[in-house]
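Notes for the one structure printed next.
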Amino acid sequence: MPELPEVEITRRGITPTVTGSTITGVVVRNPNLRWPVPGELQALLNGKTVRRVLRRAKYLLFDIDQGWLILHLGMSGSLRLTDTQVPPQKHDHFDLVFGTKILRLRDPRRFGAVLWTTEDIYTHPLLAHLGVEPLSPEFSGEVLYRASRGRTAAVKQLLMDHTVVVGVGNIYANESLYRAGIDPRTIAGRISRVRFGRLATEVRLTIEAAIKAGGSSLRDFVHSDGSSGYFQQQYFVYGRTGQACRVCGRPVKVVRLGQRSTFYCSQCQH
DNA sequence: AAATTCTCCTGAAGGC
DNA sequence: TGCCTTCAGGAGAATT
């Protein structure tokens, strides 16, 4: 599923083709995504030019004359660049057409979103209350520490709280906590500054490494037809229930935390 | 007010 | 082989 690294790689992949290009058509095959795709998009966007593509959290933001196209990939969404000759497939719900080229959204589970706003993008309801970007200089253990005081929820849930830090989904929360040696069930409010410092470092390193790995495996992004480009990484704990910890060899355990599968090593994480 | 639960959806995986 | 059931999960919304 797309986490922040996949979204960022997607952004980088489409930027060269999309930036400066003029929209010549919009196709909405199925408007029933997370929220209805606005029916008037065709009229709104036709003839307009994409100035740039930004990312905030897992949202892709297309800066278009007088407004913003907001796109989220949800659980199963992917974007690919293709051309008008390629027939859409079953779950290809949305096209942004640039002459003979098409930016096409595929999303089997339809948890994604395509929205339009003319507001100031950073005060938009979806973005206004988001926390810091994990790759920005503002992100540090201090951010986590301050947010954690008085909180009795598990540290993993704090890490996945998007009003604190954005873009840390289930996979990277599990992996970062493993790398920081912290038990995901630990009460957030009882973790020290020092340990949060280590955790922030591991969050950043894990995400950076994933972007690097994904970027190098996505050279053909522009002509990706089927393999939209998500990359499989080697995880320490995620999805490895019962398998040997890569460090100590003990079986990886799984528990439910906040309705989410949580993987950890009882030897390496405290 | 923080914490928890619910909800959307379909492909994959597991059971028999 | 095939049908049926269960599960996963991003994140906003609704509850507690």
Side-chain angles (χ1 to χ4, degrees), chain A residues 1-11 28-37 55-61 70-79 88-94 105-115 117 123-134 144-177 184-191 203 207 210 226-228 230 232-233 235 237-243 252-263:
Chain A
M1 67 271 359
E3 296 223 26
L4 189 146
E6 286 87 346
V7 177
E8 176 60 20
I9 288 158
T10 298
R11 189 190 70 78
V28 181
R29 291 185 201 81
N30 185 350
N32 303 119
L33 302 188
R34 175 154 201 186
W35 298 285
V37 178
R55 179 189 59 73
R56 175 75 171 105
K58 295 178 188 171
Y59 293 95
L60 285 170
L61 309 171
I70 302 173
L71 214 140
H72 197 286
L73 299 177
M75 278 289 305
S76 58
S78 59
L79 280 175
Q89 294 186 31
K90 187 177 178 184
H91 301 295
D92 290 342
H93 307 308
F94 176 80
L105 173 68
R106 178 174 301 174
D107 186 6
R109 294 183 191 174
R110 292 191 274 120
F111 284 3
V114 178
L115 297 170
T117 182
T123 61
H124 187 279
L126 288 176
L127 305 187
H129 305 292
L130 294 175
V132 302
E133 286 286 333
L144 296 175
Y145 178 79
R146 280 197 296 264
S148 70
R149 292 309 92 178
R151 289 186 61 162
T152 57
V155 60
K156 178 168 177 253
Q157 291 165 299
L158 181 84
L159 208 49
M160 294 178 70
D161 181 340
H162 293 142
T163 66
V164 177
V165 55
V166 299
V168 185
N170 199 33
I171 294 175
Y172 292 106
N174 278 298
E175 293 297 297
S176 302
L177 284 160
R185 300 165 298 177
T186 311
I187 302 297
R190 296 203 188 132
I191 293 179
V203 166
I207 290 176
S227 61
S228 78
Y230 297 141
Q232 196 59 45
Q233 290 187 95
Y235 299 125
V237 287
Y238 182 79
R240 298 192 65 243
T241 310
Q243 296 179 52
V252 171
K253 295 187 173 179
V254 62
V255 292
R256 298 292 285 184
L257 266 186
Q259 312 288 81
R260 290 293 174 260
S261 295
T262 302
F263 305 91

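Note that the structure is a prediction, hence the values are computed from the model and not measured.
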Original post:
Looking at A:Tyr59, does any N or O in its side chain come under 4.0 Å of the phosphate oxygens OP1/OP2 on C:dG12?
Top reply: yes

Original post:
Hey, is CZ on A:Arg190 packed in by over 12 heavy atoms from elsewhere, all under 6.0 Å?
Top reply: no

Subject >> Residues touching DNA chain B, which here means a heavy atom under 4.0 Å, drawn from residues 162-170 of chain A >> reply: none

Original post:
For A:Arg34, which contact category applies under a 4.0 Å heavy-atom criterion: base, sugar-phosphate, or nothing?
Top reply: base

Original post:
A:Ser76 side chain to A:Arg109 main-chain N or O, any donor-acceptor pair under 3.5 Å?
Top reply: yes

Original post:
To the nearest Å, how far apart are A:His124 NE2 and C:dG12 P?
Top reply: 11 Å

Original post:
In whole angstrom, what separates A:Asn174's CG from C:dG10's C1'?
Top reply: 15 Å

Original post:
Ignoring hydrogens and angles, does a donor from either the side chain of A:Arg109 or the base of C:dG10 sit under 3.5 Å from an acceptor on the other?
Top reply: no

**OP:** Using atom CH2 of A:Trp35 as one end and atom P of C:dG12 as the other, report the distance to the nearest whole Å.
**Re:** 6 Å

Subject >> Integer-rounded Å distance: C:dA11 P and A:Leu130 CG >> reply: 9 Å

Original post:
Given atom CG of A:Leu4 and atom C1' of C:dG10, what is their separation to the nearest angstrom?
Top reply: 13 Å

Subject >> Test side-chain contact (heavy atoms from CB on, under 4.5 Å) applied to A:Val165 and A:Leu130, A:Leu144, A:Leu158, the passing residue >> reply: A:Leu144

Original post:
Any side-chain N or O of A:Ser76 less than 4.0 Å from the OP1 or OP2 oxygen of C:dG9?
Top reply: no

Original post:
Between which nucleotides of DNA chain B, read 5' to 3', does contact with chain A run, using atoms under 4.0 Å from its heavy atoms?
Top reply: B:dA3 to B:dG11

Subject >> Protein-nucleotide distance (A:Tyr172, atom OH; C:dG10, atom P), rounded to Å >> reply: 11 Å

**OP:** Using the side-chain contact (heavy atoms from CB on, under 4.5 Å) rule, pick out the option among A:Ile171, A:Val252, A:Leu177 that qualifies with A:Val237.
**Re:** A:Val252

Original post:
Are any side-chain N or O atoms of A:Glu6 and backbone N or O atoms of A:Glu3, one a donor and one an acceptor, separated by less than 3.5 Å?
Top reply: yes

Subject >> Minimum-distance pair of heavy atoms, taken over all atoms of A:Asn170 and A:Lys156 >> reply: OD1-NZ, 2.7 Å

**OP:** Please check the phosphate of C:dG9 (OP1 and OP2 only) for any side-chain N or O of A:Tyr238 closer than 4.0 Å.
**Re:** yes

Original post:
Which is true for A:Leu126 with a 4.0 Å heavy-atom rule: it touches a base, it touches only sugar-phosphate, or it touches nothing?
Top reply: sugar-phosphate

**OP:** Using atom types as modelled and distance alone, determine if a side-chain donor or acceptor of A:Arg56 lies under 3.5 Å from a backbone N or O of A:Leu61.
**Re:** no

**OP:** Would you indicate what A:Arg151 reaches in the nucleic acid, counting non-hydrogen atoms under 4.0 angstrom: base, sugar-phosphate, or nothing?
**Re:** sugar-phosphate

**OP:** Answer yes or no for this row: A:Phe111 ring on C:dG10 base, centroids under 5.5 Å, planes under 30°.
**Re:** yes

Original post:
Roughly, in whole Å, what's the span from CG in A:Asp161 to P in C:dG12?
Top reply: 10 Å

Subject >> Side chain A:Asp161, main chain A:Gln157, donor-acceptor under 3.5 Å >> reply: no

Original post:
Just by distance, do the side chain of A:Arg146 and the backbone of A:Ser148 share a donor-acceptor pair under 3.5 Å?
Top reply: no

Subject >> Atom-pair distance (CD on A:Glu6; C1' on C:dG9), nearest Å >> reply: 13 Å

Original post:
Does any donor atom in the side chain of A:Arg256 or A:Ser261 lie under 3.5 Å from an acceptor atom in the other side chain?
Top reply: yes

